[in-house]
Number of protein chains: 2
Amino acid sequence: MKPLLAITMGDINGIGPEILVKALAHGEVWSQCQPLVVGSLAHFQALAADAPGCPPPVRVGEPEESAGVADAVPVLDTGIPVPPRRPGELDGEAGRCAIEWVRTGVTLAMEQRVDGLVTCPLNKVGIHQAGYAYQGHTDFIAELTGSRDYRMCLFAGSMRVVHISSHCSLRDALDLVTEDRIADSVRIAGRALSGLGLARRHVAVAGLNPHAGEEGAFGQEELERIAPAVAQCLEEGLECSGPHPPDTVFRRMWKGEFDAVVAMYHDQGHIPMKLIAMDEGVNVTLGIPIVRTSVDHGTAYDIAGTGQARETSLCAAIELAAQFCQGGWTPKTMLRPAVPRGAES
Amino acid sequence: MKPLLAITMGDINGIGPEILVKALAHGEVWSQCQPLVVGSLAHFQALAADAPGCPPPVRVGEPEESAGVADAVPVLDTGIPVPPRRPGELDGEAGRCAIEWVRTGVTLAMEQRVDGLVTCPLNKVGIHQAGYAYQGHTDFIAELTGSRDYRMCLFAGSMRVVHISSHCSLRDALDLVTEDRIADSVRIAGRALSGLGLARRHVAVAGLNPHAGEEGAFGQEELERIAPAVAQCLEEGLECSGPHPPDTVFRRMWKGEFDAVVAMYHDQGHIPMKLIAMDEGVNVTLGIPIVRTSVDHGTAYDIAGTGQARETSLCAAIELAAQFCQGGWTPKTMLRPAVPRGAES
């Protein structure tokens, strides 16, 4: 059976709703999953009418109804008041809708009523205007799922990066280069490769300093923190190696030598991934008990409403979420203790 | 007239001599410059005999004789005792030769008897074994030329990166993110683009932190140091901008938006450059009074003697040095005060 994926609409004034109707015009998306849009029925209807190939929406009251919907896009409209769509304009009420739709999607995943969650972009300033204190999707989802040791990751085809830290200054990131965080990241990466059903799961760990420190000449972190973390993971039977020189490890993954790289800070992983896979990158949150992927871009207010936005990253996010579910990762297997399906209401 | 370029042979046990005879088999190299090899005549002779298309060597006593040499490679053999070639083996005497050939090349450039210097790789451990305390080419050349404010740079086609710091730990690199170093790097980059004869010389300055600090949310360096340095350079009439988000600025240069990027630390520039231009990267030392380019790889002892080494980076280094000379950069224009040619002996 195809996985049922909740896809949140994102900020209605951003490009989210536009790329959503474009993505749902692709037959491949429908062959990979059963989509369930969480968002505004009215806005979806208006945009779908102008998107060649996108089926019309149909309102569903429960996610379980999605499978019975034929030649239409099931939309779960939670009834939250939705403002008019004004592309490119910041609106706290649009921010409130965007984040509440995410709350619905997470709840459905935690209740095992959907198999995974894919999110369209929301605007951080918009959600702040609506009174929410979150930095974005990731910390909100982590809170909702009670996750502490989660990781923001960037996947693009066979390139996969798990960052040991994310949105903080580079100076603060240096203090987060700890043996525990590195080892946990290797474990998380290994589990993700397993969740994708891959036979080979080689996790390469990047160094922090130029040339991976060159035996301590350019910094001690490789000797004191990274190498011990790799040794610990090898002892646990994980397939991993490192620390590798940062300026070639991503190329080596690109050429097929590694299946994932653990990056020591945000830009170490973001610079190579955005360079090679600008349009096909997918954000993945690992270390949470549900499958969650996201586009790798923001609301792009500057082009919202112009029809220029491309749906490639969203299509890739949907495909990756479906792969995780088919590789064996669903809330049913990830949530511990397992709750029998149907027991939640 | 074609520029006269001194090309040092590098560590004879590394891949330097092999890529040198391969490079000199290319007609394009000869159309761009008049090469003058500085190194061992005997080793060159042995290798050239096996390199299809490489002209035989001929010994010259003075660089000025090079132009009169026909269908042969002029080799300036300084007479330093050269050990037998043992590919892949570390040898302090080979290290001594490598670095002394560089000394000769730099002296010739400073005396304006050659127009530029291109270096093949030497081995740092080898030169240490021979009793030299340098980290490599760059600090040695800086010392010989009396340069204090030099920069290690990486060029590949229309991608050019000037690093504000190089071989030090990332933690130490953070302390080198100063307004002065950034502004000097922009000036150095601007002069280099001018030296290449380019009409457009847009220097983009990368941020240090994720998203270029996001208005101070992820670090203060953008607001306190980078933006003021850019403002200063704009005031001086330089074509520059920034700080730009680090994870897209290199892609934007790749796509033609910028002509150079000032990078805040070694790997910020090295990761994208090695990813895209692994074989065609050229190391350039800027901020010194001579033209000096180098291959962007080491001695590669693991493949030395096997014939696998590729000459692409050396060909690119020769081409770039020639471009600088033809764009107007020669020791004659760079050395201040200008010394009339011929006055030095």
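Each chain gets a letter, A, B and so on, in the order its sequence line appears, and its residues count up from 1.
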Inset, instruction - Just give me the residue among P246(A), G219(A), A217(A) that pairs up with chain B most often, heavy atom to heavy atom, under 4.5 Å. - result: P246(A)
Inset, instruction - Please determine, among P245(A), G269(A), P272(A), the option with the most heavy-atom pairs under 4.5 Å with chain B. - result: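 If we count pairs closer than 4.5 Å to chain B, P272(A) comes out on top.
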Inset, instruction - Could you grab the distance from atom CD1 of I271(A) to atom CE of M273(B), nearest 0.5 Å is fine? - result: 12.5 Å
Inset, instruction - Show your working on side chain to side chain contact (heavy atoms under 4.5 Å, CB included) between L174(B) and L174(A) and close with a plain yes or no. - result: CA-CA 10 Å; L174(B) 292 183; L174(A) 292 182; 3.5 Å; yes
Mind listing the donor-acceptor pairs under 3.5 Å that bridge chain A and chain B?
unit_1: K124(A); atom_1: NZ; unit_2: E214(B); atom_2: OE2; d: 2.2
unit_1: H167(A); atom_1: NE2; unit_2: H211(B); atom_2: NE2; d: 3.2
unit_1: L170(A); atom_1: N; unit_2: N209(B); atom_2: OD1; d: 2.8
unit_1: R171(A); atom_1: NH2; unit_2: D175(B); atom_2: OD1; d: 3.2
unit_1: D175(A); atom_1: OD1; unit_2: R171(B); atom_2: NH2; d: 3.2
unit_1: N209(A); atom_1: OD1; unit_2: L170(B); atom_2: N; d: 2.7
unit_1: H211(A); atom_1: NE2; unit_2: H167(B); atom_2: NE2; d: 3.2
unit_1: E214(A); atom_1: OE2; unit_2: K124(B); atom_2: NZ; d: 2.2
unit_1: R251(A); atom_1: NH1; unit_2: K274(B); atom_2: O; d: 3.4
unit_1: R251(A); atom_1: NH1; unit_2: L275(B); atom_2: O; d: 2.7
unit_1: K274(A); atom_1: O; unit_2: R251(B); atom_2: NH1; d: 3.4
unit_1: L275(A); atom_1: O; unit_2: R251(B); atom_2: NH1; d: 2.6

Inset, instruction - Answer whether the closest heavy-atom distance between the side chains of L170(B) and L170(A) falls below 4.5 Å. - result: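 Yes, their side chains come closer than 4.5 Å.
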